[in-house]
Amino acid sequence: MVQRTVLAVLFDGLQSLDVTGPVEVFAGAELLSPGAYRIRTASLDGAPVRTTSGLTLVPDESLTTAADPDILLVPGGTGSLWPDPRLVTWVRERGPRAGRLVSVCTGAAVLAAAGLLDGRRATTHWAYCDRLAREHPAVEIDPDPVFVRDGHIATSAGVTAGIDLALALVEEDLGRDAALTIARHLVVFLRRPGNQAQFSAQLAAQTAQREPLRDVQRWITDHPDADLCVDTLAARARLSPRHFARAFRAETGMTPGRYVDRVRLEHARRLLEDTADGVEEIARTSGYGTPEAMRRAFVRTLGTPPAEYRRRFRPATTA
């Protein structure tokens, strides 16, 4: 078996879960398949670092003496938003030499500062996507996915997305069964593809201020298979269609049609993940009407058809 070295970069002001989450995944893989991974941690001077939550982490070594790893992990946290110039220089020089370069949350800011994301597609925590795009216009920032892979570089969204990305890497190295076993031990689901949105429709949209509009939002979620055209929704809110569409967008940040699309996609995904219902039935109860309409929505948004989505992301316990 080929042993892969994982090196986690430590610095003051890192988010502890950005390190411990992925490290627990690789540690689980090592327990499952001894010799699969060798996990190391390193800071600039080999000195302990203090996380944003006040925890102190003691590294194994100094970055200056660390060997080039197969997987180089750069976490996020406030310390990544204003990184030590020495850290940026080290990542610029050593990052390209790693087999796979991985950032979690705002760790992408360190990669961007090092110039390693120029011309690449990347993501980060939703709250910092605009800032990263503004400060590094050469980087193509996608605010929606849980994680993005572009060549040997992978960037992920906030905190738990680092676990999703680590599970994806373990699946690539050791197979799906190994990744599923680790996910079950960590009590997480191996079901989030990289291009799954960071938010549900209800979280992605703001909650409307006015009760009639909030009621419409709840009604859409509870009745994805209903007639959800603007005229119908406007009637529920007792507004004219034009006034309703304008008010809904102003108060939620998205059009009624976009909100309906997200709710229906989420509903269909949950049924594919959690039930044995047929695709035709799921398409009907999710409001798509036909399997072909649902297939187009899945391919357009998730990049995979419903049957393949179910095969990849349905937990083994429901098979």
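Fair warning: this is a prediction, and the values are worked out from it, not measured in the lab. Basis for what follows: all heavy atoms, side chains included, without hydrogens, waters or symmetry-related copies. Residue numbers count from 1 along this sequence.
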Using atom types as modelled and distance alone, determine if a side-chain donor or acceptor of [X] lies under 3.5 Å from a backbone N or O of [Y].
X      : Y      : answer
Thr232 : Leu228 : no
Thr51  : Leu55  : yes
Ser80  : Thr106 : yes

| task | Have a look at Glu266 and tell me which of Arg270, Arg264, Arg269 forms a salt bridge (charged side-chain N to carboxylate O under 4.0 Å, His left out) with it. | result | Arg270
Just so I know, are the side chains of [X] and [Y] near enough to count as touching, which here means a heavy-atom distance under 4.5 Å?
X      : Y      : answer
Arg94  : Leu7   : no
Arg120 : Val139 : no
Pro96  : Leu116 : yes
Arg100 : Glu172 : yes
Arg258 : Arg262 : yes
Asp45  : Ser62  : no

| said: So which atom in Leu174 and which in Ala36 form the shortest heavy-atom distance, rounded to 0.1 Å? | reply: CD1-CB, 4.0 Å
| field | Partner set under side-chain hydrogen bond (donor to acceptor under 3.5 Å, both in side chains) for Arg131, not counting sequence neighbours | value | Glu135
| request: Take Leu165 and Val104 through the test side chain to side chain contact (heavy atoms under 4.5 Å, CB included) and record every step on the way to the result. | output: CA-CA 9 Å; Leu165 177 51; Val104 181; 5.7 Å; no
Of all pairs that satisfy ring-ring contact (aromatic ring centres under 6.0 Å, His included), the ones with a partner from [range], not counting sequence neighbours:
range            : answer
residues 73-100  : none
residues 262-304 : Phe298-Tyr309
residues 3-29    : Phe26-Tyr37

| From Leu10 atom CG to Thr56 atom OG1, the distance as rounded to the nearest 0.5 Å | 11.5 Å
| query | Atom CZ of Arg249 and atom CE of Met254: how far apart are they, to the nearest 0.5 Å? | reply | 10.0 Å
| field | Intermediate values then yes/no, side chain to side chain contact (heavy atoms under 4.5 Å, CB included), Arg149 and Leu169 | value | CA-CA 11 Å; Arg149 300 187 68 175; Leu169 296 177; 3.6 Å; yes
| message | Determine whether Asp142 and Arg121 satisfy the following criterion, salt bridge (charged side-chain N to carboxylate O under 4.0 Å, His left out), listing intermediate values before the conclusion. | response | CA-CA 7 Å; Asp142 190 338; Arg121 179 168 166 259; 3.0 Å; yes
| task | I would like to know whether Cys129 and Thr124 meet side chain to side chain contact (heavy atoms under 4.5 Å, CB included); could you show each step before the answer? | result | CA-CA 6 Å; Cys129 283; Thr124 187; 3.8 Å; yes
| said: For a side chain to side chain contact (heavy atoms under 4.5 Å, CB included) check, start with the C-alpha distance between Thr285 and Asp277, then their side-chain angles and the critical distance, and finish with the verdict. | reply: CA-CA 10 Å; Thr285 58; Asp277 295 349; 5.8 Å; no
Any chain of hydrophobic side-chain contacts (each under 4.5 Å) joining [X] to [Y]?
X      : Y      : answer
Val279 : Leu265 : yes
Leu81  : Leu117 : no
Tyr128 : Val74  : no

May I have the list of side-chain donor-acceptor pairs in residues 236-247 shorter than 3.5 Å, sequence neighbours left out?
| unit_1 | atom_1 | unit_2 | atom_2 | d |
| --- | --- | --- | --- | --- |
| Ser240 | OG | His243 | N | 3.1 |

Side-chain donor-acceptor distances from residues 13-23 under 3.5 Å, at least two apart:
| unit_1 | atom_1 | unit_2 | atom_2 | d |
| --- | --- | --- | --- | --- |
| Gln15 | OE1 | Leu17 | N | 3.4 |
| Asp18 | OD2 | Gly76 | N | 2.9 |
| Thr20 | OG1 | Ser16 | O | 3.1 |

